[in-house]
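Below is one structure, written out as structure tokens; the observations come after it.
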Amino acid sequence: MLSVPRKTFNFAIDMKQIPKIIQDNAAEQGFNAVEFIGEREDAQAFSVGCVDEDGEPLPTGLPTVFLLKEDKVTVKRGIEALDLL
């Protein structure tokens, strides 16, 4: 099986870096992986999760999405987050 590296902290996606405020919020909530997923609700959207030491995703249940607008982070979880993916 081919292993594809996960996009995690400081990984540039579409020439954007994961903002430090998003990295810090993710780490505070126990997440160690962040992926920029685009613009949602007039904000930058980031999917967060957990990966193991090999970069493989770990199950965390329903998704969590962080929305960044200006300097404010809003967290969407569960069904709300699914609607943003």
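Quick note: residue numbers are just sequence positions, from 1.
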Spell out, as yes or no, whether a donor-acceptor pair under 3.5 Å connects the side chain of Asp52 to the backbone of Asp54. yes
Are any side-chain N or O atoms of Arg40 and backbone N or O atoms of Ala45, one a donor and one an acceptor, separated by less than 3.5 Å? no
Spacing of [atom1] belonging to [X] relative to [atom2] belonging to [Y], to within rounding of 0.5 Å:
X	Y	atom1	atom2	result
Gln44	Ile18	CD	CD1	9.0 Å
Lys20	Asn25	NZ	CG	10.5 Å
Glu39	Leu68	CD	CG	9.5 Å

Tell me, which pairs form a ring-ring contact (aromatic ring centres under 6.0 Å, His included) where one or both residues lie in residues 38-74, sequence neighbours left out? Phe36-Phe46
Give every residue pair that meets the salt bridge (charged side-chain N to carboxylate O under 4.0 Å, His left out) criterion with at least one member in residues 76-85, sequence neighbours excluded. Glu41-Lys76, Lys76-Glu80
Should Thr74 and Lys69 be marked as a side-chain contact (heavy atoms from CB on, under 4.5 Å) after you check the CA-CA gap, both sets of side-chain angles, and the distance that decides it? CA-CA 8 Å; Thr74 303; Lys69 187 171 185 177; over 6 Å; no
Can you name the closest pair of heavy atoms from [X] and [Y] and give their distance?
X	Y	value
Pro63	Ala81	O-CB, 3.3 Å
Cys50	Gly30	SG-O, 3.5 Å
Pro57	Val51	CA-CG1, 4.1 Å
Asp71	Ile21	O-CD1, 3.5 Å

Same cluster or not: are Ile37 and Leu62 linked, directly or through other Ile, Leu, Val, Met, Phe, Trp or Tyr residues, by side-chain heavy atoms under 4.5 angstrom apart? yes
Are Ile79 and Leu85 connected into the same hydrophobic cluster when the rule is that any two of I, L, V, M, F, W, Y join if their side-chain heavy atoms are below 4.5 Å apart? yes
